[in-house]
J.: 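Okay, here's the structure, questions in a sec.
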Amino acid sequence: MSDNDVAPLETAFGVDHHVSRAEVPERPAQDGGPDMVQLLNPEGERVAHPEHDAVVDGLSDEELRGFYRDLVLIRRFDTEATALQRQGELGLWASLLGQEAAQVGSGRALRPQDYAFPTYREHGVAWCRGVDPVNLLGMFRGVNHGGWDPNEKNFHLYTIIIGAQTLHATGYAMGVQRDGNVGTGDEERDTAVIAYFGDGATSQGDVSEALVFAGVNNSPVVFFCQNNQWAISEPNEKQTRAPLWHRARGFGFPGIRVDGNDVLAVYAVTKAALDAARSGQGPTFIEAFTYRMGAHTTSDDPSKYRVSAEVEVWKHRDPIERFRRWLTTTGRADPDFFDAVDGESDELGASVRQRCLSMPDPDGTAMFDHVFAERHPVMERERAEFETYHASFEAAR
Amino acid sequence: MAATTLAKGITSGLRASMEKDPKVVLLGEDIGKLGGVFRVTEGLQKDFGEDRVIDTPLAEAGILGTAIGMALRGYRPVVEIQFDGFVYPAFDHIVSQVAKLRARSLGYVTMPIVIRIPFGGGIGAVEHHSESNEAYFAHTAGLRVVVCSNAHDAHWMIQQAIETDDPVVFYEPKRRYWDKGEVGDVPDGPLGTARVLREGTDVTLLAYGPMVKTCLQAAQAADEEGRSLEVVDLRSLSPLDDEAILGSVEKTGRAVVVHEASTFLGMGAEISALVTERAFYHLEAPVLRVGGYNVPYPPSRLEEEFLPDLDRVLDAVDRSLAY
C-alpha cells in the first residue's frame with residue numbers, strides 16, 4: 001500500500017468497510033448492475049422480486065392498461081411537440097423520449113395530495129397529474145415562463161435552473177411536516193413530495209444541500225433522479241465517480257436503483273418510497289436508470305458526442321415495447337385495446353397541434369403583470385410609458 | 001414605549017408578527033438557542049418552538065431554496081443571512097426564483113419571503129462581514145429592498161415587510177444595532193416610503209441605513225456654520241420614494257447622496273439619474289455622491305478611510321454649494 005492509497009475509513013462511528021477508493025470509471029457498462037430493481041425485463045418477461053411483487057400483482061388489468069395508455073399518449077404528445085419545434089411553432093423542445101416509464105411509473109404512484117417538483121422534461125409526470133399538456137408548450141413557444149397554477153394539480157412550474165427545485169421540494173415538505181400532514185395514518189391527509197432531477201443535477205450543490213436539509217429534518221420527500229446517462233454532452237462518468245444511488249447513504253437515508261424503463265418496477269419502488277415518506281420515515285433517493293433516446297433539446301446534436309451503437313442497445317430496452325409484449329402475452333390487453341390507444345393517440349396529436357397554433361401571443365403590457373403582488377410605482381410608471389409610446393404611433397397614422 | 005436598541009426593535013417586531021400570524025417562520029444559522037450572532041432572534045425559539053424558529057444547516061442556498069418551498073406551501077418565511085457577504089451562495093435562488101416565481105406563474109403563486117441581511121461596515125470585522133450589496137438586489141425586478149436606520153423603523157418595518165405578499169430584502173445596519181431610540185405606537189407610513197428626518201433649505205442629504213446617523217450629525221455640524229441641510233431617510237431602495245426625493249430636491253435645488261456601498265452603479269447613480277431626469281430645472285448643482293471607493297472592502301484598519309464620514313459629507317456639501 002502506498003501513501004496515496006486510502007484505507008477503509010475509520011471514524012468515530014466505527015469502521016466503514018464499504019468505503020475505499022473506487023476506480024475512476026471510464027465508460028461503465030450501462031446495464032444497471034445486479035442491485036437494480038427490475039420487474040419486467042426488456043423481453044417483456046416478469047422478473048420476480050420478493051419485496052415488490054405484491055404491489056404489482058395487486059394492480060388491476062384496467063390500471064395496467066392505463067399505464068400503457070399513459071406511455072403511448074405521452075410519447076405521442078412529445079413527438080408532436082418535437083415536430084412543432086421543427087416547424088417553427090416552438091422555440092425549443094426538451095424531449096422525454098425513452099424516459100416515459102420512469103415518469104409514468106412514478107407519476108402514477110402519487111396521490112392527489114402529493115406534490116411534484118419537475119425539471120423541464122417531466123411531461124409524463126405532468127400528464128399523470130392531469131396538467132393540460134398544451135400548458136407545457138407555453139414556455140417553449142415563448143408566450144410565458146410557466147403559466148399554470150401549480151396548486152391546481154400539485155405540480156410545480158418547470159424549473160430550468162438545474163437542481164434548484166430539489167430545495168423547493170424539500171422546503172415544501174418541511175411545510176407539510178409543520179402542517180401535521182405526515183404519519184397520521186389518514187390516507188387522504190398524509191402527504192409526500194417528489195423532486196425530479198437528472199444525473200447532471202446531482203453535481204449541483206443545491207442537490208446536496210437538499211439531501212442535507214431533507215435528511216436532518218426527516219422530511220417527507222422522495223428524490224427521484226432520472227439517470228438518463230447524459231447531461232447534454234457529458235456522460236455519467238463526468239458527473240460521478242460512485243453510483244448515484246449510493247449517495248443517499250452519506251446523507252443518512254435509503255437509496256435505490258430501479259430500471260427506469262420498467263414502468264412496473266418504477267411504480268413499485270416509488271410507491272414504497274412515497275408510502276415511507278407519508279408515514280414519517282423520511283426521504284428516499286431513487287435512481288431511475290434510463291436513457292435519453294433523443295437530443296438534450298431540439299438545439300442539441302448528440303451525433304457529436306455519442307455513438308449510435310449505444311443508442312441501439314437502449315432501443316432494445318424500450319419501455320413501451322416491453323410493456324406491450326407483457327400485456328399481450330399475459331392476456332391483459334387485446335388488439336382492440338391497442339388499436340383504441342393508437343386512435344386516441346392520433347386524436348391527441350391533432351388536438352395539441354391545433355391548440356398550439358391557436359395559442360395567442362400575449363399583449364405587450366403583459367410583461368408588467370404579476371411582477372409584484374402589491375402596488376408598485378415603477379410598474380405603474382413604466383406601463384404607462386409603454387402605452388403612451390405605442391399610442392403615439394397610433395396617433396401619427 | 002421605552003427606548004430600545006435597533007436590534008431589539010427588530011426582535012419585538014418579529015415577535016409581534018409571529019404572534020399575529022402562525023404561518024410566520026424564521027430560518028437561519030444559529031438563530032435558535034444562540035439567538036443569532038447579533039441576538040436579534042433571542043428568546044424566540046424558546047417561545048415559539050423549533051418548528052417556527054428553525055436552526056438550519058450551514059448552507060445559504062439551502063436556506064433560501066427551502067424557504068421558497070415553505071412559501072409555496074403557504075408559510076411566510078423570514079430568513080436570516082448571518083452576514084452581508086454570506087448571501088452570495090443564495091443569490092441564485094433570490095434572483096432566479098424568489099424574484100420571478102410570481103411572474104412565471106402568471107400570479108398564481110406569491111413569495112412572501114423576507115430576507116434579513118445585517119449589512120455595512122464600521123465594526124472592525126474580518127473580510128466578507130462589512131459589505132453593502134443592496135444594489136444587486138435593487139437591480140432585480142420582483143424584489144422589494146428596504147433598509148431601517150433606527151429602532152422605531154426596525155420594529156415597524158420588519159412587520160410591514162412580513163405582511164407584504166412580495167419578497168423583501170430587509171437590510172439592517174449592523175453598526176447601529178446597539179443604538180437606542182423610542183419606538184412609537186404606529187409606523188411612519190407604509191413600506192416603500194421615505195421620511196424627512198430633518199428639514200432644511202440649502203442642500204438635501206439622501207441616505208439610508210448606517211449613513212442616516214452620519215448625515216444627521218453632518219446636518220447638525222452644518223447648522224452650527226449657518227447652513228441648513230435637509231436629511232431624507234430613503235428607507236426603501238426598491239421602489240424608491242420618487243415623490244419624497246423630488247419634493248425635497250425641488251425645494252433645496254441641491255442633492256448629495258450618501259451610502260457605504262461603492263458609488264459605481266450604486267444607489268446614488270440611480271437617484272442621480274432620477275433627479276436629473278425629473279427635476280432638472282430645479283437643480284442649482286449636479287447631484288453629488290459620497291460613498292465607498294470602487295475597491296473590495298478594505299481590511300478593518302483601513303475602513304475608516306473607506307467609509308463616508310461626517311467630513312466627507314460636509315466636503316460634498318461644500319462642493320455642491322460652490323456651484
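The sequence lines fix the lettering, A, B, ..., with proteins before strands; numbering per chain opens at 1.
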J.: Rounded to the nearest 0.5 Å, what's the gap from CG on A:L157 to CG on B:L101? Could you check?
T.: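 Reported value, rounded in 0.5 Å steps: 6.5 Å.
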
J.: Below 4.5 Å from any heavy atom of chain B, which atoms of A:V176 appear? Answer side chain, backbone, both or neither.
T.: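 For A:V176, heavy atoms of backbone and side chain both lie under 4.5 Å from chain B.
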
J.: Could you walk me through whether A:D179 and B:K23 pass the salt bridge (Lys or Arg N to Asp or Glu O under 4.0 Å) test, one step at a time?
T.: CA-CA 10 Å; A:D179 291 343; B:K23 292 293 186 185; 3.5 Å; yes

J.: Under 4.5 Å heavy-atom distance to chain B, tell me which part of A:V371 shows up: side chain, backbone, both or neither.
T.: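 Both parts, heavy atoms under 4.5 Å.
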
J.: Counting only non-hydrogen atoms closer than 4.5 Å, does A:N181 touch chain B with its backbone (N, CA, C, O), its side chain (CB onward), both, or neither?
T.: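 The answer is the side chain of A:N181.
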
J.: Counting only heavy atoms not in B:E270, do more than 12 sit closer than 6.0 Å to its CD atom?
T.: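 Open.
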
J.: What residue, out of B:L27, B:I54, B:V25, has the most heavy-atom pairs lying under 4.5 Å from chain A?
T.: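 Ranked by heavy-atom pairs under 4.5 Å with chain A, first place is B:I54.
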
J.: Just give me the residue among A:H145, A:M367, A:M379 that pairs up with chain B most often, heavy atom to heavy atom, under 4.5 Å.
T.: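 Going by pairs under 4.5 Å, I would pick A:H145.
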
J.: What distance separates A:T159 OG1 from B:R104 CZ, expressed to the nearest 0.5 Å?
T.: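 Reported value, rounded in 0.5 Å steps: 5.0 Å.
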
J.: Can you tell which part of B:A59 gets under 4.5 Å to a heavy atom of chain A, answering side chain, backbone, both or neither?
T.: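 For B:A59, backbone and side chain are both near chain A.
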
J.: When rounded to the nearest 0.5 angstrom, what is the spacing between CZ in A:R178 and CG in B:D51?
T.: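 With rounding to 0.5 Å, CZ (A:R178) is 4.5 Å from CG (B:D51).
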
J.: For A:E385, does the CD atom have more than 12 heavy-atom neighbours from other residues, nucleotides or ligands under 6.0 Å away?
T.: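 For A:E385, atom CD is crowded (more than 12 foreign heavy atoms under 6.0 Å).
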
J.: Between OH of B:Y108 and CD of A:E152, what distance do you get to the nearest 0.5 Å?
T.: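 Rounded to the nearest 0.5 Å, the OH-CD separation comes to 7.5 Å.
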
J.: Compare every heavy atom of B:G62 with every heavy atom of A:L167, then report the nearest pair and how far apart it is.
T.: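 Of all heavy-atom pairs spanning A:L167 and B:G62, the closest is CD2-CA, 3.5 Å.
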
J.: State, with a plain yes or no, whether a side-chain heavy atom of A:M174 is found less than 4.5 Å away from one of B:T56.
T.: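 A:M174 does not reach B:T56 side chain to side chain.
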
J.: Please flag which part of A:F117 lies under 4.5 Å from any non-hydrogen atom of chain B: side chain, backbone, both or neither.
T.: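 The side chain, not the backbone.
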
J.: Taking every non-hydrogen pair under 4.5 Å, which of A:D206, A:V378, A:N144 racks up the most with chain B?
T.: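 Of the options given, most contacts go to A:D206.
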
J.: In Å and rounded to the nearest 0.5 Å, what is the CD to OG1 distance from A:E374 to B:T110?
T.: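 It is 9.5 Å, given to the nearest 0.5 Å.
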
J.: Decide if atom NZ of B:K251 counts as having more than 12 heavy atoms of other residues, nucleotides or ligands within a radius under 6.0 Å.
T.: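 Counting other residues, nucleotides and ligands, NZ of B:K251 exceeds 12 neighbours.
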
J.: May I ask you to list the residues in residues 68-84 of chain B that approach chain A closer than 4.5 angstrom, counting heavy atoms only, ordered by number?
T.: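 Checking residues 68-84 of chain B against chain A gives B:I68, B:G69, B:M70, B:L72, B:R73, B:Y75.
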
J.: If you count heavy-atom pairs within less than 4.5 Å of chain B, which of A:R381, A:H376, A:H168 leads?
T.: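 Result: the option with the highest number of such pairs is A:H168.
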
J.: Grab the two heavy atoms, one from B:D165 and one from A:A373, that are nearest each other, plus how far apart they are.
T.: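 Closest approach of B:D165 to A:A373: CB-CB, 3.7 Å.
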
J.: Heavy-atom cut-off 4.5 Å, strictly under: side chain, backbone, both or neither for B:S96 against chain A?
T.: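 When you check distances to chain A, only side chain atoms of B:S96 fall under 4.5 Å.
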
J.: Is there a side-chain contact between A:D149 and B:S105 in this structure, where contact means two heavy atoms from C-beta onward sitting under 4.5 Å apart?
T.: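 No; the side chains remain at least 4.5 Å from each other.
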
J.: Considering only heavy atoms and a distance below 4.5 Å, find which of B:L143, B:T66, B:D92, B:T164 pairs most often with chain A.
T.: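 Winner by heavy-atom pair count: B:T66.
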
J.: Does B:E243, at its CD atom, have more than 12 non-hydrogen atoms belonging to other residues, nucleotides or ligands within less than 6.0 Å?
T.: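 Open: at most 12 neighbouring heavy atoms sit under 6.0 Å from CD of B:E243.
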
J.: Check whether more than 12 heavy atoms from other residues, nucleotides or ligands sit under 6.0 Å from atom NE2 of B:H139, and answer yes or no.
T.: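 Count not over threshold, so no.
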
J.: Measure B:E50 against the heavy atoms of chain A and call it side chain, backbone, both or neither at under 4.5 Å.
T.: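 Contact with chain A involves the backbone of B:E50 alone.
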
J.: Do you know the tightest heavy-atom contact between A:A164 and B:Q97?
T.: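 That would be CB-NE2, 3.8 Å.
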
J.: Side chain, backbone, both or neither: which part of B:D242 has an atom under 4.5 Å from a heavy atom of chain A?
T.: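 Side chain of B:D242 only, per the 4.5 Å heavy-atom cut-off to chain A.
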
J.: Within a radius of less than 6.0 Å around CZ of B:F91, do more than 12 heavy atoms belonging to other residues, nucleotides or ligands occur?
T.: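 Counting other residues, nucleotides and ligands, CZ of B:F91 exceeds 12 neighbours.
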
J.: Please report the closest heavy-atom contact between A:F213 and B:I63, naming both atoms and the distance.
T.: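 Shortest heavy-atom separation between A:F213 and B:I63 comes out as CZ-N, 3.6 Å.
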
